[in-house]
Novice: 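What follows is a single structure, and I will ask about it in a moment.
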Amino acid sequence: MQIEVLKSKIHRVTVTEANLDYIGSITIDSLLMEAAGIIAGERVYIVDNNNGERFDTYVIAGAPGSGVICLNGAAARKVHRGDIVIIMSYASMTPEEAATFKPKVIFPDTATNSLT
């Protein structure tokens, strides 16, 4: 049996852009991606702390050190610039693997979206 377990979490970053005229996804500063162990193309779940929206999409790497958190395409309708979001990814594993697995969780500065 496989279960879904939290793999990575970027806790409380600020949305810098919402770009409706794009095919879809979330652009994330590649330094944040690396620190959290998230890769380009990976499925992520997003929770908007300001309005309660919860949705999933895939990741596009943004410029390193830019602090970019940009929701693209239809997802842009679910957030507003300045909203605080949590970005999470999950992995399938056996219950035995999950018992010792430790997710990567990072806490960027919400003012700059940097790891300071």
Side-chain angles (χ1 to χ4, degrees):
M1 172 177 53
Q2 297 277 308
I3 60 174
E4 292 286 311
V5 176
L6 179 69
K7 178 185 83 71
S8 305
K9 180 175 169 181
I10 301 173
H11 189 76
R12 296 183 55 88
V13 286
T14 302
V15 173
T16 59
E17 301 173 54
N19 182 0
L20 186 59
D21 296 321
Y22 194 83
I23 59 173
S25 66
I26 182 171
T27 304
I28 302 174
D29 179 325
S30 61
L31 294 180
L32 295 177
M33 290 172 57
E34 183 179 340
I38 295 172
I39 63 169
E42 186 170 352
R43 182 181 193 181
V44 292
Y45 298 84
I46 299 157
V47 178
D48 188 316
N49 285 3
N50 295 81
N51 63 23
E53 286 283 355
R54 299 177 69 93
F55 55 95
D56 65 317
T57 190
Y58 64 93
V59 175
I60 293 176
S66 65
V68 66
I69 301 293
C70 179
L71 279 299
N72 300 301
R77 294 203 183 272
K78 297 187 172 282
V79 301
H80 292 93
R81 188 171 181 233
D83 283 1
I84 303 295
V85 296
I86 298 169
I87 303 166
M88 300 164 286
S89 68
Y90 294 84
S92 294
M93 58 186 76
T94 67
E96 296 77 23
E97 291 169 317
T100 58
F101 181 78
K102 301 288 185 224
K104 285 188 176 183
V105 179
I106 63 169
F107 300 89
D109 178 332
T110 56
T112 62
N113 288 344
S114 67
L115 295 171
T116 329

Novice: Could you tell me whether the side chain of S92 and the main chain of E4 form a donor-acceptor pair under 3.5 Å?
Specialist: no

Novice: Check whether any side-chain N or O of S8 sits under 3.5 Å from a backbone N or O of A36 as a donor-acceptor pair, and report yes or no.
Specialist: yes

Novice: Assigning hydrophobic clusters by single linkage (Ile, Leu, Val, Met, Phe, Trp, Tyr; side-chain heavy-atom cutoff under 4.5 Å), is I38 placed with L115?
Specialist: yes

Novice: Of all the heavy-atom pairs spanning H11 and P108, show the shortest one and how long it is.
Specialist: O-CD, 3.5 Å

Novice: Please find the pair of heavy atoms, one from N50 and one from D48, that lie closest to each other, and give the distance.
Specialist: N-OD1, 2.7 Å

Novice: Tell me, do K9 and P103 make a side-chain contact under 4.5 Å, heavy atoms counted?
Specialist: no

Novice: Quick one: which residue pairs count as a salt bridge (charged side-chain N to carboxylate O under 4.0 Å, His left out) with a foot in residues 32-42, not counting sequence neighbours?
Specialist: K7-E42

Novice: Can you see which heavy atom on L31 is nearest to which on G65, and at what distance?
Specialist: CD1-N, 3.4 Å

Novice: Assigning hydrophobic clusters by single linkage (Ile, Leu, Val, Met, Phe, Trp, Tyr; side-chain heavy-atom cutoff under 4.5 Å), is Y90 placed with F55?
Specialist: no

Novice: How is the hydrophobic cluster of L20 composed, in terms of its other members, when Ile, Leu, Val, Met, Phe, Trp and Tyr link through side-chain heavy atoms under 4.5 Å apart, directly or indirectly?
Specialist: none

Novice: If you look only at pairs with a residue in residues 56-65, which of them pass as a salt bridge (charged side-chain N to carboxylate O under 4.0 Å, His left out), with sequence neighbours excluded?
Specialist: R43-D56

Novice: According to a hydrophobic-cluster definition based on side-chain heavy atoms being under 4.5 Å apart (Ile, Leu, Val, Met, Phe, Trp, Tyr only), do I106 and M33 belong together?
Specialist: yes

Novice: Is it true that L6 and V59 fall in one hydrophobic cluster, defined by side-chain heavy atoms closer than 4.5 Å?
Specialist: no

Novice: Less than 3.5 Å apart, which donor and acceptor atoms pair up between the side chains of residues 75-86 and the rest of the protein, not counting sequence neighbours?
Specialist:
from : atom 1 : to  : atom 2 : distance (Å)
K78  : NZ     : E53 : OE1    : 3.3
R81  : NE     : T16 : O      : 2.9
D83  : OD2    : H80 : N      : 2.9

Novice: Side-chain contact, heavy-atom cut-off 4.5 Å: L71 with I46?
Specialist: yes

Novice: Test I69 against D29 for side chain to side chain contact (heavy atoms under 4.5 Å, CB included), laying out the working first.
Specialist: CA-CA 7 Å; I69 301 293; D29 179 325; 5.6 Å; no

Novice: Among N113, T110, V47, which residue meets the side chain to side chain contact (heavy atoms under 4.5 Å, CB included) test with R12?
Specialist: T110

Novice: Can you name the residues that form a side chain to side chain donor-acceptor pair (under 3.5 Å) with S25, not counting sequence neighbours?
Specialist: N72

Novice: Test question: given the 4.5 Å side-chain rule for I, L, V, M, F, W and Y, name all other residues clustered with I23, or answer none.
Specialist: Y22, Y58, I60

